[in-house]
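Written below as structure tokens is the structure these notes are about.
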Amino acid sequence: MKKHQLVCIVCPMGCHIEVEKNKDEYIVTGNKCPRGKAYGVKELTNPTRVVTTTVKIKGGLLNRLPVKTKEAIPKDKIFECMKFIDSIEVEAPVSVGDIIAKDILGTGVDLVASRSM
Amino acid sequence: MKYDIVVIGGGPAGLAAAIEAKKNGVDNILVIERDRELGGILQQCIHNGFGLHVFKEELTGPEYAEKFITELKNMGIEYKLDTMVLEIGENKVISAINTVDGFMSIKAGAVILAMGCRERTRGAINIPGTRPAGVFTAGTAQRFVNMEGYMVGKRVVILGSGDIGLIMARRMTLEGAKVLAVAELMPFSGGLTRNIVQCLEDYDIPLFLSHTLVEIKGKDRVEGVVIAKVDENRKPIKGTEKHYDCDTLLLSVGLIPENELSKNAGIKLDSITSGPIVNESMETSIEGVFACGNVVHVHDLVDFVTAESKRAGKNAARYIKKEIKSEGKTAKTKPGDGIRYIVPHMVRPENVEDTLDLFMRVDNVYKDMEMVVKVDGKEIKRMKKKHLAPGEMESVKIKKEDLVFGEDAIITVHLEKEGA
């Protein structure tokens, strides 16, 4: 029964939480909201992150279009995901929320534009 | 040109203030922005985590900005881009210039200052040595990488652990650079704890607390830096130097409210926040000139900027409609033990609607404390705080009925050890 000290990153509150594995159950303490509990369990079983980055854009006000993964993807796929995103080039106009790439790396998560340009 | 309200700055503060002023019945509003688009620094903050308080979802900076830009445009609020305000003169006459209109004199009924803040640079912290290329403030690097599409370096050391520095440590790593170390002068980080976790720990980037930069090597381009441990007086300790071969140094050593215009206009500034002294309506020492957002004090969350700016916008509208009362008693706020500053600096209960929000920062890292609010010597609120840090802004809500006091009253907030 190892105790894990974590800082919840779900919101800027940054709760200092403790996650303890009790047989098959995870017990989370120190969280001020239910999202902290979910985060604590997920962080020990399948840590995920939303990836935010940019892709090349032609004909826009700027050279780069900010994009994000619509949902969090597994943490260990972040660099592979960056490599894939590197090859993408889009053309203006783009609207916020437009899908830039579908189901990246088979994660079931789409890459979407995070601004209009 | 004549407007009821002129907002200087089209970032999150200016946008929220203008929108709220319009919602409160003032139609004739102009927003002046010096960049080529609205949105301010949010446009380069492409990471997520914005809007949790305001929208209850995690947005990126551009997404957050776009919601407000769309609303502003839909409301038909006028704005000028690429336009620089030169001066706020007597009687709220604003001098501004751009390439389309040339020089303009704009008469404003009320002014809202929303110029935001700027980064402290190498000069501000007096780093000695040669001046090679490759030294950037973290925010400048952020703009290059995220908007203009230029990578600023391959091997990076970051000085300072402010949020932008932490965010850039992750960003540079994702873009293929190697971030060797983050050095922080203080024994604690100036950034949000969640950013230490998701930007440094996630990528195994070492954070050296109580460390500073003692040397930059290289003539044309940065070739390396030396960081050293500091003692309790923040002086480098001999023999603790660590050398890093790197081509880039990013500085994340603090933000300063951008108040050149305010100073020249004769607005009184607070020496601790470097922002204007404001009252409960976010009005500065000049009647009819309001201020909000990072120009007043540096916030850590844009959500708080939005809330504060709405207050400024609403009160500017009330000012135009002559609804703000200037008679009645005024109390000053005063930071007590453990508190560095409080915004607003003055409170006129007559103008407080239901509750008054006080915003403050603590002066050190504290655990298990109680935050105590006193009005005119009488305790009105006591809150338990498990964890307090200078990098995380605190706020206190005070009910209007608790704002009862005599002449020259003082509202204080201080910290006490729990149970003491």
Check whether B/Asp163 reaches the backbone of B/Leu192 with its side chain - one donor and one acceptor, N or O, closer than 3.5 Å. yes
Hydrogens and angles aside, do B/Tyr64 and B/Thr306 bring a side-chain donor and acceptor to less than 3.5 Å of each other? yes
Quick one: what part of A/Lys75 sits under 4.5 Å from any heavy atom of chain B, side chain, backbone, both or neither? side chain
Using a 3.5 Å distance criterion without hydrogens, assess whether the side chain of B/Asp303 forms a donor-acceptor pair with backbone atoms of B/Gly51. yes
Ignoring hydrogens and angles, tell me if any N or O in the side chain of B/Ser252 forms a donor-acceptor pair with the backbone of B/Ser161 under 3.5 Å. no
Considering only heavy atoms, give the residues of residues 147-156 of chain B separated from chain A by less than 4.5 Å, sorted numerically, with 'none' for an empty result. B/Met147, B/Glu148, B/Gly149
Answer yes if the side chains of B/Glu308 and B/His297 hold a donor-acceptor pair under 3.5 Å, and no otherwise. yes
Let me know if B/Gln44 has heavy atoms under 4.5 Å from chain A in its side chain, its backbone, both or neither. neither
Which label fits B/Phe136 and B/Phe144: parallel for a plane angle under 30°, tilted from 30 to 60°, or perpendicular past 60°? perpendicular
A/Glu80 side chain to A/Lys77 backbone, donor-acceptor under 3.5 Å: no
Just to verify, what does A/Glu25 make a side chain to side chain donor-acceptor pair (under 3.5 Å) with, not counting sequence neighbours? none
Considering heavy atoms only, which positions within residues 107-115 of chain A lie below 4.5 Å of chain B? A/Ala113, A/Ser114, A/Arg115
Cationic N near anionic O, under 4.0 Å, A/Arg49 to A/Glu43: yes
Would you check if the side chain of A/Thr69 reaches a backbone N or O of A/Val51 as a donor-acceptor pair within less than 3.5 Å? yes
Taking side chain as everything from C-beta outward and backbone as N, CA, C, O, which of these in B/Thr70 sits under 4.5 Å from a heavy atom of chain A? Side chain, backbone, both or neither. neither
Assert top hit (heavy-atom pairs under 4.5 Å, partner chain A, pool B/Glu66, B/Glu37, B/Gln43) equals B/Glu66
If we ignore hydrogens and angles and just use 3.5 Å, is the side chain of B/Asn294 paired with the main-chain N or O of B/Cys117 as donor and acceptor? no
Measure from the side-chain N and O atoms of B/Glu33 to the backbone N and O of B/Leu81, and report whether any donor-acceptor pair falls under 3.5 Å. no
Distance-only polar pair, side chains of A/Thr29 and A/Glu20, donor-acceptor under 3.5 Å: no
Quick check: do B/Lys381 and B/Lys397 have side-chain heavy atoms less than 4.5 Å from each other? yes
Pairing of B/Arg170 and B/Asp202 as salt bridge, 4.0 angstrom limit: no
Chain A: which of B/His47, B/Glu63, B/Arg36, B/Glu58 shares the most heavy-atom pairs with it under 4.5 Å? B/Glu63
Please flag which part of B/Phe50 lies under 4.5 Å from any non-hydrogen atom of chain A: side chain, backbone, both or neither. neither
By a 4.5 Å heavy-atom criterion (distance strictly below it), what part of B/His387 contacts chain A: side chain, backbone, both, or neither? side chain
Between B/Asn364 and B/Gly338, is there a donor-acceptor pair closer than 3.5 Å when you use the side chain of the first and the backbone of the second? no
Please classify the contact between A/Cys81 and chain B as side chain, backbone, both or neither, with a heavy-atom cut-off of under 4.5 Å. neither
Contacts of residues 59-66 of chain A with chain B (heavy atom under 4.5 Å): A/Leu61, A/Leu62, A/Asn63, A/Arg64, A/Pro66
Within the side chain of A/Lys37, is there an N or O that forms a donor-acceptor pair under 3.5 Å with the backbone of A/Ile27? no
